[in-house]
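Notes follow the structure.
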Amino acid sequence: MIGIENNFTHRTKLNNILVSRNKIDMNKNLRYIISCLLLLMSTNPISAQKSQQLYKEPYRPQIHFTPRAHWMNDPNGMVFSKGVYHLFFQYYPDSTVWGPMHWGHATSKDLIHWQEKSIALYPDSLGYIFSGSVVADKTNTSGFGQKGTVPLVAVFTHHNMAGEKEKRNDFQNQSLAYSNDDGKTWKKYRGNPVLKNPGITDFRDPKVMWYEPQKKWIMTLATKDKITFYSSPNLKNWKEESEFGAQLGAHGGVWECPDLFTLNDNGKEVWVLTVSLNPGAPNGGSGTQYFLGKFDGKNFTTTQTNTKWIDYGPDNYAGVTWSNTGERKIFLGWMSNWLYATQVPTIKWRSAMTLPRTLKLKHVDNDIYIASTPVPELAGLSAKPITANNISVKRDYDLSSVVKNISFPCRLNVSFNKQDFALKIFNKTGEELLIGYDEKTNNYFIDRTKSGNINFNAAFAARHTAPRMSNNAVINISLLIDAASVELFADGGLSNMTEIFFPAKPFDQIHIQSAIRLNLNKLAYVEMRSIH
Ligand code: FRU
């Protein structure tokens with residue numbers, strides 16, 4: 001995360017000016033608001049026209065969640081309750097750069113179509129509302145439930161700017177808020193903060209889960225360069241259980257936004273601890289590593305010696321899983337990177353989320369990895385696939401010879417016997433994105449060095465790689481391509497890359513390339529409907 005101080009100073013000044021001006025102009029403002037409302041009511045056709053243009057702006061994702069307007073970063077508080085997926089998110093409703101953090105809110109019944117709701121949590125005297133989680137407190141351990149309701153309880157970090165400016169080391173503390181109307185309205189707990197900072201500058205992003213064997217809540221908290229686990233019977237009183245990771249995994253930057261959950265390995269339970277870190281990702285900047293191991297209600301232990309990453313692309317950060325989804329584990333990340341997130345060339349809003357992904361375990365030789373694949377609900381947006389078998393690619397193959405009208409968003413699946421392969425997505429002005437597999441290094445790659453608008457940050461234009469984990473003789477690649485992003489899922493989700501891009505003119509062509517003759521065993525192109 002960057003730019004806290006500048007933004008804060010700027011915001012404070014602006015707020016002071018606004019407060020004094022408001023006092024003087026109260027009546028004038030009231031009259032102004034009423035006349036605006038009247039005007040809005042009398043100009044329905046104009047607002048209808050506006051809403052048609054909304055979500056059609058250049059670079060506006062058509063199959064990914066974006067806020068209508070303004071700044072968004074991490075997904076927060078993801079919980080499934082009464083048939084509804086809730087997505088809260090780090091949100092600054094006054095600007096398209098990071099600032100005083102709120103929790104925005106959106107809901108969905110299918111993980112694909114989202115309805116943006118009113119802001120759930122506003123900054124208060126204890127600070128900005130940083131990342132955290134939401135649980136459904138089924139047995140009302142917190143006592144927040146009323147008349148038999150199952151309260152939704154948000155556990156989040158209060159980030160106190162004054163404390164940070166004074167260079168104190170205890171300005172991040174964990175707090176609660178609860179909702180008894182399915183997330184529509186929220187009350188902050190009067191006893192906040194519930195977990196006080198012991199003097200650790202980075203002490204944040206609580207992810208809470210119910211640990212059934214010992215009937216207690218477990219909070220997984222990022223504490224600078226490690227994870228600290230806490231437990232609680234009621235979400236209000238927390239006891240430190242253990243620490244993990246100071247000497248393990250990647251440590252190029254501060255640890256943030258952890259998650260702890262189980263995945264099924266042929267009937268056996270494997271505990272997964274995911275940890276985002278910034279910087280220190282394999283392709284620079286922000287990324288998410290994971291550890292597989294055991295958890296006994298107190299300690300997380302692992303025998304893992306290699307560093308494993310959820311996604312090797314540069315644009316999947318701070319991802320966590322939905323809570324209360326039973327055996328199914330669904331992961332969603334923020335589709336950007338702190339290296340350049342505040343500079344990407346979108347005007348009305350900044351940043352999208354990745355597609356939601358199903359997480360599963362897969363064995364490769366003697367090791368075991370997380371495989372992520374887009375949720376099957378995406379099929380609801382998919383047109384009938386256009387397929388072709390045994391395509392012979394000699395140097396260059398124009399996809400329009402099987403797909404008459406290539407359009408985006410779309411999904412493209414290809415399968416071929418392991419050898420060099422490249423796919424070029426481009427427009428007539430020569431801007432291009434190269435995606436492929438390099439046999440010599442056994443890496444997948446995405447090259448966005450010529451992808452259009454690249455000058456907003458020196459770190460953006462680059463060729464990124466992901467190691468191939470699978471040793472199958474056949475390579476399967478599935479690409480989900482939207483207006484300004486591509487998500488690559490190779491070998492059933494064992495190697496993944498997520499990248500954003502900003503061509504001056506939308507891409508509209510796809511060619512497949514190979515230096516030597518390549519036989520594509522199978523190809524499927526799926527046009528996708530917009531979610532808007
Ligand atoms: C991760 C992060 C979190 C923090 C939030 C602030 O991107 O830095 O650690 O809670 O963003 O917006």
Side-chain angles (χ1 to χ4, degrees), residues 1-8 11 67 70-78 87-105 119-123 126-134 154-161 163-164 171-175 177 193 195 197 200-208 219-228 252-259 274-281 284-289 310-311 314-320 331-342 344 350-354 498:
M1 185 194 39
I2 51 172
I4 301 180
E5 202 128 20
N6 289 344
N7 279 315
F8 178 71
R11 285 298 312 160
H70 301 129
W71 171 266
M72 172 178 81
N73 55 290
D74 316 354
N76 294 150
M78 300 190 317
L87 165 63
F88 299 86
F89 47 90
Q90 288 287 279
Y91 188 49
Y92 181 34
D94 292 343
S95 171
T96 46
V97 289
W98 190 93
M101 283 290 111
H102 300 54
W103 272 27
H105 185 202
I119 290 174
L121 298 174
Y122 286 80
L126 294 176
Y128 297 172
I129 315 297
F130 270 24
S131 288
S133 47
V134 168
V155 191
F156 60 89
T157 301
H158 256 131
H159 176 98
N160 191 291
M161 277 316 295
E164 189 193 357
F171 53 85
Q172 295 186 333
N173 295 280
Q174 318 318 318
S175 289
L195 176 59
N197 192 318
I200 303 173
T201 40
D202 297 285
F203 188 74
R204 58 175 179 267
D205 308 338
K207 183 73 161 61
V208 173
M219 179 196 291
T220 305
L221 194 71
T223 49
K224 206 179 181 82
D225 58 348
K226 53 182 176 278
I227 295 301
T228 308
V254 173
W255 282 20
E256 304 182 311
C257 299
D259 196 358
T274 63
V275 179
S276 285
L277 70 155
N278 178 58
S286 324
T288 304
Q289 63 177 326
I310 284 273
D311 189 318
D315 298 308
N316 180 357
Y317 191 57
V320 287
F331 176 96
L332 183 89
W334 172 49
M335 199 155 58
S336 199
N337 190 311
W338 281 116
L339 283 172
Y340 43 72
T342 56
V344 297
R350 268 223 181 85
S351 303
M353 294 303 180
T354 65
T498 302

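Counting starts at 1 for both ligands and their atoms, in listed order. The first residue in the sequence is number 1, and the count goes up from there.
- With a 4.0 Å cut-off on non-hydrogen atoms, Trp338 touches ligand 1 through its side chain and not its backbone.
- For ligand 1, the atoms closer than 4.0 angstrom to any heavy atom of Ser131 are 5 (C), 10 (O).
- No side-chain donor-acceptor contact under 3.5 Å links Asn316 to the backbone of Asp311.
- For atom 9 (O) of ligand 1, the nearest non-hydrogen atom from the set Asp205, Ile129, Leu277, Asn337 belongs to Asp205.
- The residue from Arg204, Met72, Gln90 that puts a heavy atom closest to atom 6 (C) of ligand 1 is Gln90.
- Listed for the Gln90 side chain is no donor-acceptor partner under 3.5 Å among the backbone atoms of Asp74.
- For ligand 1 and Tyr317, the ligand atoms under 4.0 Å from any heavy atom of the residue are 1 (C), 7 (O).
- Residue contacts with ligand 1: Trp98 is included, with a non-hydrogen atom under 4.0 Å away.
- Residue contact check: Phe130 has heavy atoms under 4.0 Å from atoms 4 (C), 6 (C), 10 (O) of ligand 1.
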Evaluate side chain to side chain donor-acceptor pair (under 3.5 Å) for Asn76 paired with Trp103, printing each intermediate quantity in order. CA-CA 8 Å; Asn76 294 150; Trp103 272 27; 3.2 Å; yes
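- Under the side chain to side chain contact (heavy atoms under 4.5 Å, CB included) criterion, Pro93 pairs with Tyr91, His102, Ile119, sequence neighbours left out.
- Under the side chain to side chain contact (heavy atoms under 4.5 Å, CB included) criterion, Val254 pairs with Asp202, Arg204, Glu256, sequence neighbours left out.
- Set against the non-hydrogen atoms of Met101, the atoms of ligand 1 under 4.0 Å away are 12 (O).
- With hydrogens and angles disregarded, a donor-acceptor distance shorter than 3.5 Å links the side chain of Thr157 to the backbone of Asp205.
- Remark: ligand 1 and Asp74 share an N or O pair separated by less than 3.5 Å (distance only, no angle test).
- Backbone and side-chain nitrogen or oxygen atoms of Asn73 are examined, and one is located within less than 3.5 angstrom of a nitrogen or oxygen of ligand 1.
- Two rings, from Tyr92 and Trp71, have their centers 6.0 Å or more apart.
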